Amino acid sequence: MSHAYQASENRYEKMLYRRAGTSGLLFPAISLGFWHNFGENDNPDNMRAMMRTAFDLGITQFDLANNYGPQYGRAEKNAGKFLAEDFKPYRDELVISSKAGYDMWPGPYGNWGSRKYLIASLNQSLSRLGLDYVDIFYHHRPDPNTPLTETLDALKSIVDAGKAIYAGISNYNAEQTAAAVKYARKIHLPLIVNQSRYSIFDRKIERMGLDKQAAKDGIGIIAFSPLAQGLLSDRYLNGIPADSRIAHDGRYLKREDLTANKLAAARRLQEMAKERGQSLAQMALAWDLRLSQVASVIIGASSPAQIKENADALGHLDFSQTELAQIDEIIAEI
Ligand SMILES: NC(=O)c1ccc[n+]([C@@H]2O[C@H](COP(=O)([O-])OP(=O)(O)OC[C@H]3O[C@@H](n4cnc5c(N)ncnc54)[C@H](OP(=O)(O)O)[C@@H]3O)[C@@H](O)[C@H]2O)c1
């Protein structure tokens, strides 16, 4: 067991906090996600160090899901251990998020969006995390076969039971989001965030109009994979490092995702970032945050150094029209 943790006294000095829509909740502009690097084969000392580093930088949101691992549930279990050992005094300074919606356990009740699945899954998550409640509980993806009303009624029961403070949806398209927000308002469900993939390489949010819709509906966007899983960083500019996500994981980010066009675009973007006095990763995060509807970007990280570098993105958030046009031009061909 490493030394007792005392959070940095300066932890709130540099982080920016952004409101999710018209809700009362402020998110750190940068959050830490637990999808990768908190699984059964990952290094516990590194996990602990990343959580401490993040919190010391004012990163108050840890984003989890039932099935983050491998194995399913392992990221919550690992997070729970360090929450208990290091973060007990800081529970009320943290926003802990979890989700259910993807494959979790065998049989008809461990997937999608039924009331049965969501309630059972959150109970499991709470026990792995060692918490009485999460701050945000998400339906992780839309379920074409369960009535949306059942899914949202289940989230409402969860909130009413005190097991989640707010609710969220993730991977819902514009139409599904509109329907969800409408029903949530009707049943007084505090549905405050829509979690979607968003990066310079993936502008689906804008194409679908989710950004405009979020502004209209008063909900916040939580942007995931803002670095396109590492493609929008210096990670792959000179080959595929042995400790990178492509080399050591390869499940979600594959060698073939690193196309010649993306690599060429990343190289040009890095030149731009240099001129701004930033790393490519920092510029990619700043670019996501140029949309006021984006309450937070959730980064993944494999080391405390990456978290520190990414938090420094906040030093230069603004873009000139020329820079924005240049980025549009660079990614036109990817
Ligand atoms: N709701 C959903 O359906 C959903 C889906 C996906 C993700 N998420 C959430 O979003 C979080 C982030 O997703 P993500 O991990 O794909 O995000 P990401 O930030 O796009 O990618 C993270 C990876 O980029 C590399 N990286 C990060 N900072 C770097 C830096 N400064 N320099 C060089 N490389 C850097 C690291 O790769 P290496 O390992 O190679 O070092 C890191 O693991 C997840 O943990 C999860 O919480 C949600």
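Here the structure is a predicted model, which is why all the values come from computation and not from measurement. Numbering of ligands and ligand atoms starts at 1, following listing order.
In this structure, ligand 1 sits under 4.0 Å from heavy atoms belonging to G33, F34, W35, N37, D63, Y68, K99, H140, S170, N171, Q195, F224, S225, P226, L227, A228, Q229, G230, S233, D234, R235, Y236, S244, R245, A281, I298, I299, G300, A301, S302, Q306, E309, N310.
Residues passing the side-chain contact (heavy atoms from CB on, under 4.5 Å) test with Y102 are N67, H140, R141, N171, sequence neighbours excluded.
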Q.
Pair D153, Y183 - check side chain to side chain contact (heavy atoms under 4.5 Å, CB included), show working.
A. CA-CA 9 Å; D153 283 337; Y183 187 67; 2.9 Å; yes
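Note that R91 lies in the cation-pi zone of Y133, set by a 6.0 Å cut-off to the ring centre and a 45° limit from the axis.
The side-chain hydrogen bond (donor to acceptor under 3.5 Å, both in side chains) analysis of residues 221-238, with sequence neighbours excluded, yields the pairs Q229-R245, R235-D243. Counting only residues at least two apart or in different chains, ring pair (Phe, Tyr, Trp, His ring centres under 6.0 Å) contacts with residues 262-285 are absent.
A donor-acceptor pair shorter than 3.5 Å cannot be found between the side chains of Q213 and T177.
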